[in-house]
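What you see is a predicted model, and the numbers here were worked out from it, not measured in a lab.
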Amino acid sequence: MKFLPFVLALFGFMASGQNFVSKTENYPTFPACETVLKSEKETCFKEQLKSFILSNYQEPAVISSENYTGLATVIFEVDTEGEFQVLYVNSEYKVLNEELERVFKALPEISPATYNGAPTYVQFRMPLQIPLTESSFQKEAIQKEKPLESYQSEYENIQTKKFTYPQYNSGLNIPLSHELYNRFIPHMDKIGTNAHTASKPYSYTEIKPYYNLEERNQDLFYDKESWFGRKFFNENTVQIQGENYWFTFDIGADLQVGRDFEGEITTYNNTRAGILQAGLGKKFNVYTVIYESQGKFAGYFNDLAIDRGRANTSQVSIPGRGIGEPYRDGFDYPVVEGYLSYDLADFMNIQFGRGKNFIGDGYRSLFLSDTPSPHAYFKLKTNFWKFEYTNIWSSLRNPNTTTEGGAFLTKYMATHYLSYNVTKRLNIGLFESVLIESEPNRGFDWNLLNPVLFYNMVEYSTGSRSGTSLIGLSYKYKWTDRINSYGQLIIDEFSVDEVRAGNKSWTNKFGFQMGVKYANAFNVNNLFFQLEYNQVRPYTYSHNTLTVHYTNDNQPLAHLWGANFREFLFITRYKKDRFYGHAKFIFGERGFETNADNNPFYGTDLLGDERLRIADEGITIGQGNRANSYYGEFEAGFIVNPTTNLKAYISLIHRKLDVSQNTALNSDRTTTWLNLGFRTDIFNWYYDY
């Protein structure tokens, strides 16, 4: 009985769209109100609503313990399906907001309001004086503001709502960013979760059972009243949400200025971007981003862009971004990415677009990485029981080979990855990738579309088609909720007899990865450590058909060093509120080619011809122009806007390459690169070449 005055006062609300004139056919109707007179529908609706909340509402203890007095506001809607939709809840207590929202979301589906026989929606505003007493409820305070028929217009059934950040509940991809992913992957790696963590990017719905990204981001929001303050520090630039649609638009940037002390050159990057996200209904989503960029980087990075450029032209290939042109003393390189996403069912999603994918649990991937430039793809991702099956069909480019019309020659790749959670601790994965060239006389080989794992590998290993195949095995084992180990084995070619003979045959083309992660290290929240070892033998990923190397835009599809290397890396990350930082140390032994035409071919450059190999036996890692490499990177930054992942940062890179022989391709080099940046962090920049 002590809650009765509260409940009676709770319904001192004002209805928007409730001045129902004679043309209105029906008010939103609870089942108990079906038989009452039309003139009594409104009163019955309110009484039923009161009764429901009386039975379900539980007042938060903080209201009475702090003797709180104030105002709470609830705006809700009964939509065309008769469902209650909470549009806005506001009070000074988060627990009160959550309780009011919980009660309204629990309301049953009822008959919607109608106008001229057609279902329509009605919005209601409910101001609540806290604490509520019987005297605070005044029936006269209910004001009829807008007639129902005013909703029927040229824009019928289209309504702008308060933005509720629906992207966090959509099938859109979470942009690939190591710092961002490191926030929630430790939650997915706990023992007993059925999460599959190798196939990236994840969708927002995939991580929702393990990590509430929306809530964590909004906890960082500043209390800004000005439009500029909200847009710059908290929200998307444009946010619009309607009855069955939503979209956001953001102005992105990647503005950097720095100094390469080795070459005594000033570096910069000037990227302007437009980012669009949208949802139509609950299953269909759209994402696109357009970049316009000019940049000049540290000397070794500029040289790499030129070396990987289109042969016999001035075009360059910016690592991770794509084909560009010289611009003043730097490069101009436009990039477009985007995709369409549709949930065929709760367990299946399809995507078609242009972008990047990553398969693996490590910092590197020996299967498929996000280090090359974006490319066209079609992806089918299926999740059932303890399995997740990812199928990706990609269209890749060879800039060095063109058609008669001058277009880059296209090659096609089918990638299959099956992930299986064997136990609560152990996950294993099977990988296959088949790559074929596009021939004018043959066209696209439709056999490539077969989604059956290892089917295409058998087909293309017969030699009857011009193609190459890779297979792989991966694992992850959760030792504790904070420590897990992982690894990959990639096989291009492998001969057991040759291994037994111990002659180090060139045909044993394989690589492997081993790593361990430690989250919330030493009981420090958001402190993360990672150790990883990668090794790939010479000639792995290469081929004797120059059009089916494992590359896109002359950039490796897996490890960015190509082949013929071993590498050890250590990474630590830390985040506190909006501040973050990381340190990265990489030590490697590498073997480089000795001349530009790759003759003889030592098995490092994936664009080389394995028929020009140095020998059939005695092949070892580091052959060719052997080099020791060291890379250190420190970055500290501030998350300016958690919704768009806009960051301000400072970074310091120290890179040292010590080669056996100084050549035109590679020489002893020590680089120290200081950089200041302001960046919308929606893709990974890799400088650790």
Residues Phe634, Phe585; criterion ring-ring contact (aromatic ring centres under 6.0 Å, His included); working and verdict: CA-CA 9 Å; Phe634 302 88; Phe585 304 95; 5.4 Å; yes
side-chain contact (heavy atoms from CB on, under 4.5 Å) evaluation trace for Met413 with Leu368: CA-CA 11 Å; Met413 183 171 71; Leu368 180 66; 4.2 Å; yes
Candidate pair Asp658 and Asn628, rule side-chain hydrogen bond (donor to acceptor under 3.5 Å, both in side chains), full reasoning: CA-CA 5 Å; Asp658 183 10; Asn628 292 320; 4.9 Å; no
Chi angles and distances behind the ring-ring contact (aromatic ring centres under 6.0 Å, His included) call for Tyr541, His559: CA-CA 10 Å; Tyr541 306 114; His559 197 292; 9.1 Å; no
Criterion side-chain contact (heavy atoms from CB on, under 4.5 Å) on Asn564 and Ile621, from CA distance to verdict: CA-CA 5 Å; Asn564 192 14; Ile621 291 177; 4.2 Å; yes
Steps toward salt bridge (Lys or Arg N to Asp or Glu O under 4.0 Å) verdict (Arg626, Glu589): CA-CA 7 Å; Arg626 185 183 178 279; Glu589 178 187 5; 3.0 Å; yes
Verdict with reasoning, Gln513 to Tyr486, per side-chain hydrogen bond (donor to acceptor under 3.5 Å, both in side chains): CA-CA 8 Å; Gln513 175 189 87; Tyr486 59 89; 5.3 Å; no
Test side-chain contact (heavy atoms from CB on, under 4.5 Å) applied to Lys509 and Glu610, step by step: CA-CA 11 Å; Lys509 301 189 293 184; Glu610 61 186 26; 2.9 Å; yes
Test log, rule ring-ring contact (aromatic ring centres under 6.0 Å, His included), inputs Phe568 and Tyr533: CA-CA 5 Å; Phe568 177 82; Tyr533 177 80; 7.3 Å; no
Residue pair Thr415, Tyr377: steps toward the side-chain contact (heavy atoms from CB on, under 4.5 Å) verdict: CA-CA 10 Å; Thr415 302; Tyr377 70 90; over 6 Å; no
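Looking at Thr371, its side chain does come within 3.5 Å of a backbone N or O of Ala558 through a donor-acceptor pair. In this structure a side-chain-to-backbone donor-acceptor pair under 3.5 Å is present from Gln488 to Leu366. At distances below 3.5 Å, at least one donor-acceptor pair connects side-chain atoms of His549 with backbone N or O atoms of Gly608.
Counted by atom type alone, Asp681 and Ser177 present one or more donor-acceptor pairs between their side chains at under 3.5 Å. In summary, the side chains of Glu325 and Gln315 do present a donor paired with an acceptor at a separation below 3.5 Å, with no hydrogens or angles considered. Under 3.5 Å, the side chains of Lys411 and Thr468 contain no donor-acceptor pair of N or O atoms. Judged purely by distance below 3.5 Å, without hydrogens or angles, the side chains of Tyr550 and Thr540 never pair a donor atom with an acceptor atom. Under the 3.5 Å distance criterion, with hydrogens and angles disregarded, a donor-acceptor pair is assigned to the side chains of Gln294 and Arg272. For the residue pair Glu593 / Asn595, no side-chain donor-acceptor distance below 3.5 Å is found, with atom types taken as modelled. Between the side chains of Thr267 and Asp260, no donor-acceptor pair is found at a separation under 3.5 Å. Residues Ser373 and Asp553 have side chains that bring a donor and an acceptor to within less than 3.5 angstrom of each other. Remark: the Thr671 side chain and the Glu262 side chain contain an N/O donor-acceptor pair separated by less than 3.5 Å.
Asn534 approaches Arg364 most closely through the heavy-atom pair ND2-CG, 3.4 Å. Val659 approaches Asp668 most closely through the heavy-atom pair N-OD1, 2.8 Å. When every heavy atom of Arg590 is checked against every heavy atom of Tyr689, the shortest pair comes out as NH1-C, 3.5 Å. What you find for Tyr300 and Arg669 is that their closest heavy atoms are N-NH2, 3.4 Å. Heavy-atom minimum distance, Pro201 versus Ile174: CB-O, 3.6 Å. Taking both residues in full, the closest heavy atoms of Gln555 and Ile318 are given as NE2-O, 2.9 Å, listed atom of the first, atom of the second, then distance.
Side-chain contact between Tyr333 and Tyr327: absent, with no pair of heavy atoms (C-beta onward) separated by less than 4.5 Å. Put simply, the side chain of Tyr602 does not reach to within 4.5 Å of the side chain of Pro538, judged on heavy atoms. Lys517 has its side chain within reach of Phe528: a pair of non-hydrogen atoms, C-beta onward, lies under 4.5 Å apart. Taking 4.5 Å as the limit, some side-chain heavy atom of Leu569 sits within range of a side-chain heavy atom of Tyr363. Proximity of Pro175 to Glu337: side-chain heavy atoms (C-beta onward) are nowhere separated by under 4.5 Å. Looking only at side-chain heavy atoms (C-beta outward), Lys381 and Ser199 come within less than 4.5 Å of each other. Taking 4.5 Å as the limit, some side-chain heavy atom of Phe565 sits within range of a side-chain heavy atom of Val536. Side-chain atoms of Gln351 and Leu340, non-hydrogen and from C-beta on, never get closer than 4.5 Å to each other.
Ring geometry, Phe297 versus Phe331: the interplanar angle falls under 30°, so the pair is classed parallel (tilted spans 30 to 60°). Classified by interplanar angle (parallel below 30°, tilted 30° to 60°, perpendicular above 60°), the ring pair Tyr539/Trp506 is perpendicular.
No cation-pi contact links Lys379 to Phe352, judged by a cut-off of 6.0 Å to the six-membered ring centre and 45° from its axis. Cation-pi geometry between Arg354 and Tyr339 is not satisfied (NZ or CZ under 6.0 Å from the ring centre, within 45° of the ring normal). Stacking of Arg321 on the aromatic ring of Phe683 is recorded, both the 6.0 Å distance cut-off and the 45° axial limit being met.
Heavy-atom neighbours of Ile350 CD1 from other residues, nucleotides or ligands within 6.0 Å: above the threshold of 12. Environment of CG in Asn312: sparse, with no more than 12 heavy atoms of neighbouring residues, nucleotides or ligands closer than 6.0 Å.
Every residue meeting the side chain to side chain contact (heavy atoms under 4.5 Å, CB included) condition with Asn391, not counting sequence neighbours, appears here in chain and number order: Leu380, Tyr389, Trp393, His416, Pro451.
Aromatic pair Tyr202/Tyr181: centroids less than 6.0 angstrom apart. Ring centroid separation for the pair Tyr686 and His178 comes in under the 6.0 Å cut-off.
To the nearest 0.5 angstrom, Lys647 atom NZ is 4.5 Å from Asn645 atom CG. Separation of atoms CG (Asp370) and CG (Asn357) is listed at 9.5 Å; rounding is to 0.5 Å. Atom CG in Asn236 sits 4.0 Å away from atom OG1 in Thr248 (nearest 0.5 Å). Atoms OG1 and CG, from Thr594 and Leu665 in turn, are 7.5 Å apart once rounded to the nearest 0.5 Å. Rounding to the nearest 0.5 Å gives a distance of 8.0 Å between CZ of Phe367 and CD1 of Ile359. In this structure, Trp673 CH2 and Ile265 CD1 are separated by 9.0 Å, a value rounded to the nearest 0.5 Å.
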